[in-house]
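No experiment lies behind these values; they were computed from the predicted model shown. Residue indices begin at 1 and follow the sequence shown. Values below: all heavy atoms of this structure, side chains included; hydrogens, waters and symmetry mates excluded.
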Amino acid sequence: MGIQERRIGIIGAGNVGSHVAFALATQGEVDEILLNDLKIEKAAAEAMDIEDAVSYLPHHVEARYSDIEDMGRCDILVIAAGALPQNDQSRLDALDETVKVMDDIIPRIRKSGFDGIIIGISNPADVIVAYLQEKLQWPTHKILSTGTALDSARLQKQLSRKLGVNRRSLTAYAMGEHGFSAMIPWSHVYVAGKPLAQLLQERPERYSVDDYEKELEEMKQGGYMVLKGKGCTEFGIATCTVEIVRAIFHDEHKILPCSVYLDGEYGQEPVFASVPAMLGKNGVEEIIEIHLTEEEAQRFNQSTNILRQHLAQALGENA
């Protein structure tokens, strides 16, 4: 067998999709990028712009516009099409409009013959990836959403600043919905392996954070602050997506917080929600359950219930 090129199709070449493409190229994680968008000229121009940069990238990258029907040979499809929430909306408010976009995309994915791994970004991320899985009848280990990978990065950022500890020395992530019902399992936040609560108790003169509820709210509002300031979020979600792609392409068996199919884990009936999941060449390889306190489990259940309700809404309106 000859050397295999790594090929990714990106559906939706707006701010998010185009920055995912550029981040993949600059980090050297892909050999060919196929971009699709309703605005054909924009998708083609984004591809041309990436190819203009190839002389200064880690390795050669091909980028071009492609119809979805011609993305069958891709290893991964990134779905970044759909509506953006407005300043006064939650991500869930974008559901109906984004579902209409998915209904156009789904038959085109089928027609392409694609059988690889799907990564969903389109909001509301957890509900849309569940909708895609249901409509496409996709193998559940081969479809996931970035979910709370971005929320977790925001949490790590704010804790790093307040504790004065590099974020790579922290273990901290969000679970549940990529949205307002997200929760933080504080019992599993660690600094150099030490539980945060223990560190705060032992060294109050040196280490402190805001009240946990304030920290949670700050994390939730992070994306909306970016959205209000520049009209979109793009850099953070792009690098989160590349991290997931890298774990898959390099078979890293890396554990990342992302939205995956739960069927019994954490006591959940079928639902897509963000939990720590092991990713590798086969997609979602394992879900390693962590013990949640009673309060944490209750908050996680509340979040997944919201996601199930909205999936039922999407399926009911578009049966």
Side-chain angles (χ1 to χ4, degrees), residues 85 89-96 98-99 120 122-134 140-141 143-156 159 171-190 195-197 210-224 240 255-279 284-317:
Q89 291 182 318
S90 75
R91 295 176 182 88
L92 291 169
D93 291 325
L95 177 60
D96 291 346
T98 303
V99 163
S122 305
N123 279 315
D126 313 276
V127 182
I128 291 300
V129 77
Y131 185 82
L132 285 167
Q133 190 279 324
E134 176 73 21
T140 53
H141 68 285
I143 183 168
L144 68 154
S145 168
T146 48
T148 63
L150 181 53
D151 307 82
S152 300
R154 290 173 178 146
L155 175 63
Q156 292 158 14
L159 293 180
T171 299
Y173 42 76
M175 292 174 56
E177 179 199 357
H178 174 49
F180 283 144
S181 72
M183 53 79 65
I184 299 170
W186 288 104
S187 62
H188 291 274
V189 176
Y190 299 96
L196 174 63
D210 290 337
D211 175 85
Y212 284 173
E213 291 303 313
K214 289 183 180 179
E215 294 290 354
L216 175 61
E217 187 62 22
E218 181 179 339
M219 181 198 76
K220 291 178 181 180
Q221 291 297 330
Y224 290 93
C240 288
I255 297 171
L256 293 169
C258 49
S259 191
V260 298
Y261 182 78
L262 303 178
D263 189 12
E265 296 87 357
Y266 295 94
Q268 297 297 319
E269 60 189 71
V271 67
F272 274 82
S274 285
V275 297
M278 183 184 296
L279 305 181
V284 182
E285 300 198 329
E286 188 174 355
I287 296 169
I288 299 178
E289 292 187 56
I290 61 174
H291 174 74
L292 300 178
T293 67
E294 184 176 344
E295 180 184 355
E296 290 167 352
Q298 183 179 10
R299 291 194 175 205
F300 185 67
N301 289 339
Q302 290 171 348
S303 187
T304 57
N305 284 338
I306 288 171
L307 295 174
R308 271 188 287 268
Q309 291 166 9
H310 281 80
L311 175 61
Q313 172 188 326
L315 294 172
E317 291 180 357

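The shortest heavy-atom contact between Ser259 and Val129 is OG-CG1, 4.5 Å. Considering every non-hydrogen atom in both Phe180 and Gln221, the closest pair reads CE2-NE2, 3.9 Å. Closest approach of Ser145 to Gly120, counting heavy atoms only: OG-O, 3.0 Å. Between Met183 and Arg299, the closest heavy-atom pair is CB-CB, 4.0 Å.
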*salt bridge (charged side-chain N to carboxylate O under 4.0 Å, His left out) between Lys214 and Glu218: does it pass, once the steps are laid out?*
CA-CA 6 Å; Lys214 289 183 180 179; Glu218 181 179 339; over 6 Å; no

*Before giving the answer on side-chain contact (heavy atoms from CB on, under 4.5 Å), spell out for Tyr212 and Leu196 the whole-Å C-alpha distance, their side-chain angles and the decisive distance to 0.1 Å.*
CA-CA 11 Å; Tyr212 284 173; Leu196 174 63; 4.1 Å; yes

*Assess whether side-chain contact (heavy atoms from CB on, under 4.5 Å) is satisfied between Leu311 and Phe272, documenting all intermediate values.*
CA-CA 10 Å; Leu311 175 61; Phe272 274 82; over 6 Å; no

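Once rounded to the nearest 0.5 Å, the distance linking CG of Asn301 with OG of Ser181 reads 11.5 Å. Atom CG of Asp210 and atom CD of Glu217 lie 12.0 Å apart (nearest 0.5 Å). For the atom pair CG (Asn123) and NE2 (His178), the distance works out to 4.5 Å, reported to the nearest 0.5 Å. Taking CG of Leu216 as the reference point, atom CG of Leu155 lies at 8.5 Å (rounded to 0.5 Å). How far CZ of Arg308 is from OG of Ser303: 9.5 Å, rounded to the nearest 0.5 Å. Taken from NE2 in His310 to CG in Asp96, the straight-line distance is 9.0 Å, to the nearest 0.5 Å.
Thr171 places no side-chain N or O within donor-acceptor distance of the main-chain N or O of Tyr190, the cut-off being under 3.5 Å. A side-chain donor-acceptor contact under 3.5 Å links Thr293 to the backbone of Glu296. No donor-acceptor pair under 3.5 Å is formed between the side chain of Glu285 and the backbone N or O of Met278. Checking side-chain atoms of Gln133 against main-chain N and O of Tyr131 turns up no donor-acceptor pair under 3.5 Å.
Proximity of Pro257 to Pro276: side-chain heavy atoms (C-beta onward) are nowhere separated by under 4.5 Å. The shortest distance between side-chain heavy atoms of Leu292 and Phe300 falls below 4.5 Å. The shortest side-chain heavy-atom distance between Val275 and Ile288 does not fall under the 4.5 Å cut-off. In this structure, the side chains of Thr140 and Asp263 stay at 4.5 Å or more apart for every pair of heavy atoms.
Listed by chain and number, the residues in a side chain to side chain contact (heavy atoms under 4.5 Å, CB included) with Gln309 are Asn305 (sequence neighbours excluded).
None of Ile290, Ile184, Asp151 except one satisfies the side chain to side chain contact (heavy atoms under 4.5 Å, CB included) rule with Met175; the exception is Ile290.
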